Each structure stands twice: as C-alpha cells, then as structure tokens.
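Before we start, here is the structure in question, set down as structure tokens.
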Amino acid sequence: MKTFTLTRPDDCHLHVRSGALLKAVLPHTARQFARAIIMPNLKPPVTTVAQALVYRDEILQAIPADLSFEPLMTLYLTSATTLEEIERAAQSEHIYAFKLYPAGATTNSDAGVADVTSIYSLLAALEKQDIPLLIHGEVTDTECDIFDREKQFIDQYLIDIVKHFPNLRMVLEHVTTKEAVQFVESANSTVAATITPQHLLFNRNAMLSGGIKPHYYCLPILKRETHRQALVQAAISGNAKFFLGTDSAPHLTHLKVNACGCAGCYTAFGAMELYAEIFEQANALDKLEGFASFYGADFYRLPRNIGTITLQKQTWTIPAQYDEITPLKAGEELTWKII
Ligand code: DOR
Ligand code: ZN
C-alpha cells in the first residue's frame with residue numbers, strides 16, 4: 001500500500017480552547033503535530049505571560065500520556081498591553097508571539113484593538129524585542145463587504161505597518177485571497193502567512209450553494225474559486241513564506257448550527273490527511289514536507305522536528321461527530337490516513 005513519510009509537522013495556528021473542549025480536541029492535534037502555536041482568544045483573553053503559563057499547564061495536562069507535544073504560547077495584544085508585558089514576553093522561553101485581533105473581527109475578539117494605528121508604540125516594542133506579530137487581517141468596518149475585508153485590511157493598514165516596521169516579523173494568518181498571497185510574496189522576508197485546509201479545499205459555494213452549510217463558515221470567510229486557486233499555488237510553491245496553520249477552531253455543534261452560528265472549522269482530527277489530499281490533487285506531494293514541517297519552524301527559529309509521521313493511502317469515513325463537535329467534511333471520505 002502506498003505510504004508517504006515526512007518529518008513530524010507543526011501547526012502554526014491552532015485553537016484548543018480550555019476545559020472539556022480542550023480535553024476533547026488536544027489528542028487529535030498531538031497525534032499529528034509535534035508543536036502548535038496556540039491562539040490566545042479565550043474568555044477572558046490570554047493577555048499576560050502569567051496567564052499564558054497557567055494556560056500552558058492546562059494544555060500540558062491534556063496531552064495523552066503516550067504522546068509528546070509542545071504548546072507554543074501567544075499573548076493577545078490589546079490597547080492596554082504594556083511595554084513591560086512585552087519585555088516579560090521577550091524574556092519568557094514559552095511565549096512565541098503576540099496576536100493582533102481587530103476588535104470585533106472574529107470569535108472572542110471584543111478585547112482586540114479598535115484602531116490599529118493607535119498601537120504603533122506596541123508594534124515598535126515588538127520589533128525591538130524581536131517578537132513576531134500574528135495578524136487577523138480583516139477590517140471590522142461594518143460597511144465593508146465581508147468578502148473584501150481582508151484586501152481592505154492590507155490596503156488600509158498592513159502596507160503601512162510593513163513600511164513603518166521593516167524588522168518586525170509578522171504572519172498574516174489564514175490568508176484567503178490572491179491579493180494577500182501577492183502581498184506576502186512581494187513583502188520582505190520578515191512577512192509570512194499561514195494557510196488553512198478549508199481555504200485550500202473550498203470556495204464559498206461549498207458554504208452557500210444548495211443550502212447554507214454552517215460547518216464551512218469560518219473567518220476570514222471562504223472566497224471565490226480564483227482565490228482558492230491562488231492559495232493552492234502559494235502552498236505548493238515551495239516558497240518558505242507560506243506554511244501550515246490549520247486554524248482548527250472547535251465549537252459545539254449547536255453553536256454552529258444556529259440562527260447566529262459561530263465561525264470556525266474543526267480540522268484537527270485529520271489535518272495532515274486533509275492537506276495531503278490537497279497537495280496530492282495538485283501533484284505536489286513532494287512539497288508538503290516543507291510547508292508542514294520546515295518553513296513554520298524556520299520562521300519561529302525553532303529546530304526542525306526529529307521524528308516522522310507516515311500517511312497511508314487508505315479510504316476512511318470522517319465520523320459525524322467527535323464528542324459534541326462536528327468536524328469539517330463530517331460523514332465524507334478521506335483517502336489518506338496517519339498510521
Ligand atoms: O473562524 C474562525 N474561528 N476564525 C477566527 O479568526 C477565530 C476562530 C475561533 O476562535 O473560533
Ligand atoms: Zn484562528
């Protein structure tokens with residue numbers, strides 16, 4: 001049977017929540033990935049090193065005994081973040097980045113930054129301390145069409161941020177448009193991007209055509225086919241600026257299948273299988289290891305992982321539910337399986 005072995009990968013953008021949800025989802029990630037960049041949008045948000053260390057301990061407790069996994073913690077940037085906290089983060093061996101959420105852009109982003117241009121002193125401190133800035137790149141202006149919010153963020157804010165802070169390492173998270181791909185490609189080497197499986201697999205028809213399908217609803221929202229194709233080309237390009245970040249974002253099924261459903265696709269259960277299918281379809285399985293296992297580690301200046309994982313060509317059906325979470329593509333088939 002056909003198999004494919006690669007260096008153990010890292011997930012450079014992951015939501016694991018806390019409490020029961022954390023216990024339900026973390027084993028899925030730990031089974032596949034050696035490390036993950038953990039998002040701080042809890043309620044309340046993880047804004048201090050002290051909070052992040054408590055959260056890190058909770059995550060460590062949830063790792064199954066037979067697996068090794070390292071959570072790489074991030075802090076939630078707010079307009080109340082202090083220069084002292086940035087300094088503390090720089091000195092901590094467990095903090096890898098700050099996450100910028102424009103206020104109101106997505107799940108638990110209320111504490112985010114209302115005016116991005118008002119926090120330049122904080123961005124200057126991140127640049128000075130050489131801490132990466134992770135960006136949810138969407139404007140929150142309700143007048144702006146939801147499908148244009150990423151492009152608008154680049155035009156309105158990001159071009160200026162990159163100009164002002166040439167040495168600030170930043171990741172434009174979960175890119176969804178060809179404009180974002182072009183922006184990252186042409187920016188200097190400090191600027192990188194993560195790409196999710198859902199944005200590589202689906203365009204907005206998957207969510208909106210033939211009935212509304214809430215399990216495909218995430219933010220930034222799925223875009224039209226031309227954008228999906230640009231993302232696939234970026235992912236398989238071998239350009240080290242583009243690397244794996246699932247943005248796996250579990251929500252209980254009843255909170256997604258709801259008159260006002262939550263944003264987020266749950267993909268941690270089979271992330272590498274989903275990516276393998278995408279890369280294989282694009283005739284680029286040989287580019288998966290760089291994307292999944294090397295470029296993210298290099299960006300974060302981490303040693304590349306030593307171990308390997310093996311995928312086997314084998315058809316299996318994704319369960320309808322994992323606990324009370326509906327996975328992406330529930331009930332459908334995948335053609336690769338981690339062994
Ligand atoms: O779809 C999303 N879900 N996008 C985000 O930016 C946040 C995430 C979540 O935390 O649920
Ligand atoms: Zn996210």
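Note that ligands are numbered from 1 as they come in the structure, with each ligand's atoms numbered from 1 the same way. Everything numeric here is computed off the predicted structure, so don't read it as measured data.
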Worksheet item: Can you tell me if D247 has a non-hydrogen atom under 4.0 Å from ligand 1?
Response: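 Checking ligand 1 against D247, which is what was asked, there is a heavy-atom contact under 4.0 Å.
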
Worksheet item: Looking only at atom types and distance, does a side-chain atom of K337 sit under 3.5 Å from a main-chain N or O of L311, one as donor and one as acceptor?
Response: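 A pair under 3.5 Å: no.
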
Worksheet entry | Derivation and outcome, side chain to side chain donor-acceptor pair (under 3.5 Å), residues T78 and T47 | CA-CA 8 Å; T78 79; T47 56; over 6 Å; no

Item to complete: Quick one: give me the number of protein N/O/S atoms under 2.8 Å from the Zn ion (ligand 2).
Response: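 Protein N, O or S neighbours of the Zn ion (ligand 2) under 2.8 Å, waters not counted, come to 3.
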
Worksheet item: Between Y157 and F153, how do the two ring planes meet: parallel, tilted or perpendicular, split at 30° and 60°?
Response: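 Tilted, since the angle between the ring planes falls between 30° and 60°.
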
Discussion item. Is there a polar contact, in the sense of an N or O pair closer than 3.5 Å, between Y217 and ligand 1?
Written reply: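 N/O-N/O distance below 3.5 Å does not exist for this pair.
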
Fill in: Spacing of I38 atom CD1 and K99 atom NZ [to the nearest 0.5 Å]
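Spacing of CD1 (I38) from NZ (K99) equals 12.0 Å.
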
Discussion item. Can you confirm whether the side chains of D11 and T246 place a donor and an acceptor under 3.5 Å from each other?
Written reply: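 Distance-only check passes for D11 and T246.
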
Worksheet item: Looking only at N/O atoms, are G264 and ligand 1 under 3.5 Å apart anywhere?
Response: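 Indeed, backbone or side chain, G264 has an N or O that close.
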
Worksheet item: Going through the checks in order, is the side chain to side chain donor-acceptor pair (under 3.5 Å) test met by T177 and K151?
Response: CA-CA 7 Å; T177 56; K151 179 182 168 1; over 6 Å; no

Worksheet item: Which value, rounded to the nearest 0.5 Å, describes the distance between F202 atom CZ and L222 atom CG?
Response: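 Spacing of CZ (F202) from CG (L222) equals 8.0 Å.
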
Worksheet item: Just by distance, with hydrogens left out, do Q91 and Q129 show a side-chain donor and acceptor under 3.5 Å apart?
Response: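 The criterion, which ignores hydrogens and geometry beyond distance, is not satisfied for Q129 and Q91.
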
Discussion item. Can you confirm whether I212 is buried at CD1, in the sense that more than 12 heavy atoms of other residues, nucleotides or ligands lie under 6.0 Å from that atom?
Written reply: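 Counting other residues, nucleotides and ligands, CD1 of I212 stays at 12 neighbours or fewer.
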
Discussion item. Give me the residue, atom name and distance of the protein heavy atom closest to atom 3 (N) of ligand 1.
Written reply: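 That would be A263 O, 3.0 Å.
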
Practice prompt. Please determine if C218 has a nitrogen or oxygen closer than 3.5 Å to a nitrogen or oxygen of ligand 1.
Written response: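 No - when backbone and side-chain N and O of C218 are compared with those of ligand 1, no distance drops under 3.5 Å.
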
Worksheet item: Hey, does E138 sit under 4.0 Å from ligand 1 if you only count heavy atoms?
Response: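 For ligand 1, residue contact (heavy atoms, under 4.0 Å) with E138 is absent.
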
Worksheet item: According to the interplanar angle, ranging from 0 to 90°, do the rings of Y266 and H28 count as parallel (below 30°), tilted (30 to 60°) or perpendicular (above 60°)?
Response: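 The rings of Y266 and H28 sit tilted, inter-plane angle from 30° to 60°.
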
Worksheet item: Can you list the ligand 1 atoms lying under 4.0 Å from a non-hydrogen atom of A249?
Response: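 The atoms of ligand 1 under 4.0 Å from a heavy atom of A249 are 3 (N), 8 (C), 9 (C), 11 (O).
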
Worksheet item: Residues sharing V171's hydrophobic cluster, by side-chain heavy-atom contacts under 4.5 Å among ILVMFWY, directly or via others?
Response: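 Same cluster as V171: I37, M39, L72, Y76, Y96, Y101, L134, F243, F294, Y295, F299, Y300, L302.
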
Practice prompt. Using distance alone, decide if ligand 1 has a nitrogen or oxygen within less than 3.5 Å of any nitrogen or oxygen in L219.
Written response: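 Yes, at least one N or O pair falls under 3.5 Å.
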
Worksheet item: Short list, please: which atoms of ligand 1 are under 4.0 Å from a heavy atom of N41?
Response: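 The atoms of ligand 1 under 4.0 Å from a heavy atom of N41 are 9 (C), 10 (O).
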
Discussion item. I'd like to know whether ligand 1 has H251 as a neighbour, heavy-atom separation below 4.0 Å.
Written reply: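 The answer is yes, since H251 has a heavy atom less than 4.0 Å from ligand 1.
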
Practice prompt. Have a look at ligand 1 and work out which part of R17, if any, has a heavy atom under 4.0 Å from it: side chain, backbone, both or neither.
Written response: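 Answer for R17: side chain.
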
Worksheet entry | Close-contact set for ligand 1 against H136 heavy atoms, below 4.0 Å |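 Heavy-atom distances to H136 below 4.0 Å select 6 (O).
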
Worksheet entry | Pick from L42, L14, T106: the one approaching atom 5 (C) of ligand 1 most closely through a non-hydrogen atom |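 Closest candidate by heavy-atom distance is T106.
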
Discussion item. Angle between ring planes, H174 versus H13, binned at 30° and 60°: parallel, tilted or perpendicular?
Written reply: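 H174 vs H13 ring planes: tilted.
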
